[in-house]
Amino acid sequence: MSNIFPAIPHRFKFKEPTLPFAAQDLQVMLSTAPANDQDDHLVQRLREVILHRQLTPLFQPIIDMQRGEIVGYEGLIRGPSDSPLHAPLNLFKVARACGLSVEVEHLCRRITLEKFAELQLPGKLFLNVSPECLVQSGQRHGETLGYIHEVGINPDRVIIELTESHPTYDYDLLREAVRHYRAMGFVIAIDDLGEGFSSLRLWSEIRPEYVKIDMHFVQGINQDPIKLQFVRSIQEIAEKSGTIVIAEGIETDAELLMIRDLGVACGQGYKIARPHANPKTRLTGDLFAQLRRNGVSIYPTDTRLSHEVLTAGKLLRHVKEVSPNTPNNRIYEMFKNDPGLQIIPVVANGIPVGLITRANLIDRFARPYLRELHGKKSCTLFMDANPLIADRSTPLHALSQLIVDGDRHHLFNGFIITDNGRYVGMGNAHDLMREITQMQINAARYANPLTMLPGNVPIDEHIDRLLESQAPFCVCYIDLDHFKPYNDVYGYRKGDDMIRLTGKILSAHSDPQRDFVGHIGGDDFIMLFQSEDWEQRCLSIIDAFAEIVPPFYGEEHRRMGGYVSEDRRGRRVFHELATISLGLLKVKPGIYGSHHQIAAAAADAKKQAKKIPGNSLFIERRLAPSVPEVMPDDARTSSSA
């Protein structure tokens, strides 16, 4: 069979005895490898691959995300292109079935090291090693060092990258193997952090110098706040443990900049370079410029309102229960002795059976002879036998719905809280309303519930990140004019529709990778531009808003250009159709120190914009010594110097 690979230079050729195992031993192992009719072809193909060294090493660059330099390469392996063993997963699956995993892996290492030296690639070589191979009895650890010396590579340039294919349980043996490799001058890395069977445990056990975050958590990180938080957490742990993080699987511009902005040291993926048999030793000019570009990426925000985070257990108040045998006179004395006591639960063997309210019992006992007649009888006589009962794990929004759907008296009586059916305490509607209101306020700070755009907290955080980056940007404060009277005349639902549509217009005219759109509240929005064409985007927003406004009004009001309605003092006032005002502030490094200062300056720019009739854009230029001027096009735009 002819060799389909280029000839290896003389200094990289080895005599048969210097293979990882003797040829005659290999023949014995292959001849005794398990096979059946279906697998016989694959086993035979594996024999050819090993005997003729039909493996091709590929190298994928790993770069320094902050400096934009190649720091090393991961060595990858491929079988013959015309074979089902081309993919490494298939190659090692068949090798494992034949009991040849260790032999194939050693051959892969040797061929990769030879090619790395032949190409004279710069930086470090990340050499894939499975933990199970590392801990194999037979102590063949010295063979890799022998290969390295033969091809002339310094051991401190080789990083042993542990790649899991199945669970690793013998951590004592693994630690000993890692110690042995470190003693020979090797550095250790963990591959696919977050994906493997026990990668976090592996990190804790062997304390590697590098960890590689699995591509699942990198791809789409610009759109997934959970992935963002995962990478943030890994980066934080790595900083405290002195570990260098490598993000795998970077495939888009947004992922590249997000990883850079998170402070992750190194990156790898198709966006940077694909694996290649003869890889480049420098980044392309475009990629280098992208990494060096000022500004920050747009972090994804979790726009889901977290109503289900809090449960009925949050409202739990301990109220002493009574048994069904308790006489009404005893209940009366309890209410009399504790003026603040409003409800007494009735519980039989831990199971709630009813509620007795202060108002109901005292009202009955105030009637002639009722206390004499019923005072010694069971308290179940006057209890509500159908109380509202909720498990402590019931989400607050679901509990609120139960009260709304139930009888009105539940609103005043409160509700019993149980744990797996057993009484644990009471809750009341006042506490429920307070918690739900607070939840809505907190949710709106992070994501406005009307438009689902980021709220005040992420707005402030993004401004602070822009300030820290020392990059120039523009702040645009957007407000709707004549909106309140529209809301009063046409109703809040139509007003909400106008606000939602405004949010969509702003998002549509922003660059999602560079520009941030937030909803402060009501009809106030903010845009944080890193796009250089911010002015054209603002003018396009004005044009788009002017087109969508007329259909919000009736035909007569559109014809009149407005409508008459009463103001707060009862005077009839003519109101124009709604318009939009944009106040823009250009921010340069060193001028503002916090988001508070920027918010105040942007609010001033918005006020100036609202003084201009119609749809308007006001650009604050007071840092430059020139005269205010009104830009053309129907006086819709103003610029102040």
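- Remark: E535 CD to C476 SG distance equals 11.0 Å, nearest 0.5 Å.
- S469 places a side-chain N or O within donor-acceptor distance of the main-chain N or O of L466, the cut-off being under 3.5 Å.
- A distance-only check finds a donor-acceptor pair linking the side chain of Q66 to the backbone of R260 [under 3.5 Å].
- Checked against I62 for a side chain to side chain contact (heavy atoms under 4.5 Å, CB included), the options V71, I159, I70 give a single hit: V71.
- Annotation for C98 and V43: closest pair SG-CG2, 3.8 Å, computed over non-hydrogen atoms.
- Ring-plane geometry between F59 and F116 is classed as tilted, the angle between the planes lying from 30 to 60 degrees on a 0 to 90 degree scale.
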Using the rule given for side chain to side chain contact (heavy atoms under 4.5 Å, CB included), can you reason through L256 versus M65, listing the C-alpha separation, both sets of side-chain angles and the distance that settles it, and then say yes or no?
CA-CA 8 Å; L256 181 79; M65 296 293 294; 3.7 Å; yes
Salt bridge (Lys or Arg N to Asp or Glu O under 4.0 Å) between R465 and E468: does it pass, once the steps are laid out?
CA-CA 5 Å; R465 289 178 57 224; E468 291 172 7; over 6 Å; no
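- R232 contributes no side-chain N or O that, together with a main-chain N or O of L262, makes up a donor-acceptor pair within less than 3.5 Å.
- When all heavy atoms are compared, the tightest approach of P122 to T281 is CD-CG2, 3.6 Å.
- The CD atom of E103 lies 10.0 Å from the CG atom of L107; values are rounded to the nearest 0.5 Å.
- Taking both residues in full, the closest heavy atoms of L228 and P300 are given as CD2-CD, 3.7 Å, listed atom of the first, atom of the second, then distance.
- The distance from atom CG of L287 to atom NZ of K280, rounded to the nearest 0.5 Å, is 12.0 Å.
- Taking all atoms of both residues into account, the shortest heavy-atom contact from I153 to I148 is O-CG2, 2.7 Å.
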Start with the C-alpha gap between R53 and E114, add the side-chain angles, then the distance that decides, and say whether salt bridge (Lys or Arg N to Asp or Glu O under 4.0 Å) holds.
CA-CA 12 Å; R53 306 173 92 238; E114 292 170 4; 2.9 Å; yes
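- A salt bridge links E209 with R182: the closest approach of a Lys/Arg side-chain nitrogen to an acidic carboxylate oxygen falls below 4.0 angstrom.
- Side chains of D191 and L162 form no contact here, defined as non-hydrogen atoms less than 4.5 Å apart.
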Using salt bridge (Lys or Arg N to Asp or Glu O under 4.0 Å), reason through R282 and E69 one step at a time and then give a plain yes or no.
CA-CA 7 Å; R282 297 183 64 182; E69 300 174 357; over 6 Å; no
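- In this structure a side-chain-to-backbone donor-acceptor pair under 3.5 Å is present from D64 to R67.
- No more than 12 heavy atoms of other residues, nucleotides or ligands lie within 6.0 Å of CZ in R207, so this atom counts as exposed by the packing criterion.
- Side-chain contact between T56 and I77: absent, with no pair of heavy atoms (C-beta onward) separated by less than 4.5 Å.
- By the 4.0 Å N-to-carboxylate-O rule, K212 lies close enough to E248 to be salt-bridged with it.
- L91 has its side chain within reach of L55: a pair of non-hydrogen atoms, C-beta onward, lies under 4.5 Å apart.
- In this structure F525 satisfies the ring pair (Phe, Tyr, Trp, His ring centres under 6.0 Å) test together with H519, sequence neighbours excluded.
- Not a single donor-acceptor pair under 3.5 Å links the side chain of E255 to the backbone N or O of I221.
- Under the 4.5 Å side-chain criterion, counting only non-hydrogen atoms from C-beta, V296 is in contact with Q530.
- E205 places none of its side-chain heavy atoms less than 4.5 Å from the side chain of V178.
- Nearest heavy atoms, L453 versus S507: CD2-OG, 3.7 Å.
- To the nearest 0.5 angstrom, Q513 atom CD is 9.5 Å from I298 atom CD1.
- The main-chain N or O of A254 is never found under 3.5 Å from a side-chain atom of N222 such that the two would form a donor-acceptor pair.
- In this structure, CD1 on I234 lies 10.5 Å from CD on Q229, to the nearest 0.5 angstrom.
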side-chain hydrogen bond (donor to acceptor under 3.5 Å, both in side chains), that's the test. Do Q54 and E48 meet it? Break it down for me.
CA-CA 7 Å; Q54 295 175 341; E48 296 173 359; 5.4 Å; no
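- Here the side chains of V475 and F473 are in contact, with some heavy-atom distance below 4.5 Å.
- The ring pair (Phe, Tyr, Trp, His ring centres under 6.0 Å) test applied to F516 returns H462, not counting sequence neighbours.
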For R293 and D253, what are the C-alpha separation, side-chain angles and deciding distance, and is it a salt bridge (Lys or Arg N to Asp or Glu O under 4.0 Å)?
CA-CA 12 Å; R293 188 184 77 186; D253 294 342; over 6 Å; no
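- With contacts defined as side-chain heavy-atom distances shorter than 4.5 Å, the pair E532/R514 qualifies.
- The minimum heavy-atom distance between V158 and F186, with the atom names listed, is O-CD2, 3.7 Å.
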What do the steps show when you test C266 against I244 for side chain to side chain contact (heavy atoms under 4.5 Å, CB included), and what is the final call?
CA-CA 8 Å; C266 300; I244 297 173; 4.2 Å; yes
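- With R45 contributing its side chain and L85 its backbone, the two residues share no donor-acceptor pair below 3.5 Å.
- To the nearest 0.5 angstrom, Q290 atom CD is 5.0 Å from L257 atom CG.
- At least one donor-acceptor pair under 3.5 Å links the side chain of Q219 to the backbone N or O of G249.
- With a 6.0 Å cutoff to the six-membered ring centre and a 45° limit on the axis angle, K586 does not count as a cation-pi contact of F529.
- In this structure the side chain of S241 reaches within 4.5 angstrom of the side chain of W203, judged on heavy atoms.
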Working note: K124 + Y210, criterion side chain to side chain contact (heavy atoms under 4.5 Å, CB included); need CA distance, chi angles, decisive distance, verdict.
CA-CA 12 Å; K124 299 181 181 296; Y210 293 85; 3.9 Å; yes
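- In this structure a side-chain-to-backbone donor-acceptor pair under 3.5 Å is present from D515 to S531.
- Remark: side-chain polar atoms of E105 are paired, donor with acceptor, to backbone N or O of S130 under 3.5 angstrom.
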Check the pair L506, M527 against side chain to side chain contact (heavy atoms under 4.5 Å, CB included), reporting the backbone distance first and the verdict last.
CA-CA 8 Å; L506 301 181; M527 298 183 73; 3.8 Å; yes
